[in-house]
Amino acid sequence: MDHLTIVRHPLVQHKLTLMRDKETSTAVFRQLLREISQFLAYEITRDLPMTTKQIETPMTTMEAPTLEGKKLALVSILRAGNGLLDGVLELVPSARVGFVGLYRDEETLQPVQYYCKLPDALQDRVVIAVDPMLATGNSSAAAIDLLKQAGARNIRFLCLLAAPEGVARMKEAHPDVPIVTAALDAQLNENGYIVPGLGDAGDRMFGTK
Ligand code: URA
């Protein structure tokens with residue numbers, strides 16, 4: 001996969017515009033995020049390894065394609081990653097799920113870890129880390145560090161929006177981790193928010209301030 005894939009599908013772009021609009025309600029924002037997450041998941045799983053198995057259809061025996069290897073692992077970077085989780089899980093219901101809790105120190109913009117619970121045998125799974133906003137890239141890079149420390153070797157990163165600074169940071173820290181996103185925005189502001197962006201993704205999906 002390329003290091004950065006932008007999913008330019010018209011439905012994704014239309015839904016993203018609705019999400020960016022500050023008048024969009026919490027309920028609609030959450031629903032749109034779930035819907036877009038499925039398009040992004042479709043793209044990020046495009047090259048999953050396949051094998052075949054013999055099955056009986058009502059007509060005959062056939063060698064039919066099936067996913068190879070251990071179940072996928074999804075890792076939500078808390079808390080906003082949870083907004084992507086359910087949609088992806090609908091497509092890949094047997095995936096194992098982990099959580100990494102990182103918050104961003106508002107002054108230094110550096111990630112601080114407060115929680116980590118991961119599926120076993122990460123080294124044998126395709127691991128998809130999910131977080132809607134790739135902003136400075138500091139939290140994302142730190143989360144990927146944790147996954148690698150836990151043994152993961154085949155990692156992908158799924159996000160809704162990316163800033164050029166975050167993509168560059170990830171490319172420098174983890175050039176082996178492909179990123180799939182719905183848009184690459186212009187820049188970060190002085191507080192580390194993506195512009196034009198959509199504001200604080202966690203606040204918008206959970207109705208907090
Ligand atoms: N996190 C967010 O929720 N929004 C941004 O714009 C940047 C980081």
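Whatever order the structure lists them in is the order used to number ligands and atoms, beginning at 1.
Less than 4.0 angstrom separates some heavy atom of Gly192 from each of these atoms of ligand 1: 7 (C).
At a 3.5 angstrom cut-off on N or O pairs, Met133 does not count as close to ligand 1.
Taking the charged nitrogens against the carboxylate oxygens, Arg20 and Asp185 do have a contact shorter than 4.0 Å, which makes a salt bridge. In this structure, Asp131 does not pair ionically with Arg79, as no charged nitrogen and carboxylate oxygen lie closer than 4.0 Å.
Nearest protein heavy-atom neighbour of atom 3 (O) of ligand 1: Ala201 N, 2.7 Å. Looking only at protein heavy atoms, the nearest one to atom 6 (O) of ligand 1 is Ile194 N, 2.7 Å. For atom 5 (C) of ligand 1, the closest non-hydrogen atom on the protein side is Tyr193 CD2, 3.4 Å. Among protein heavy atoms, atom 4 (N) of ligand 1 sits closest to Gly199 O, 2.8 Å.
Tested against Leu184, the residues Ile179, Ile194, Val167 include a single side chain to side chain contact (heavy atoms under 4.5 Å, CB included) partner, Val167. Here the rule is side chain to side chain contact (heavy atoms under 4.5 Å, CB included) with Phe157, and of Thr181, Ile77, Leu147, Val180 only Ile77 fits it.
Considering all non-hydrogen atoms of both residues, Ala121 and Lys70 come closest at CB-CE, 3.8 Å.
Side-chain N/O atoms of Gln38 and Glu90 include a donor and acceptor closer than 3.5 Å.
Under the 4.0 angstrom criterion for non-hydrogen atoms, Pro132 is not in contact with ligand 1.
Only side-chain heavy atoms of Ala135 come within less than 4.0 Å of ligand 1; its backbone N, CA, C and O stay farther off.
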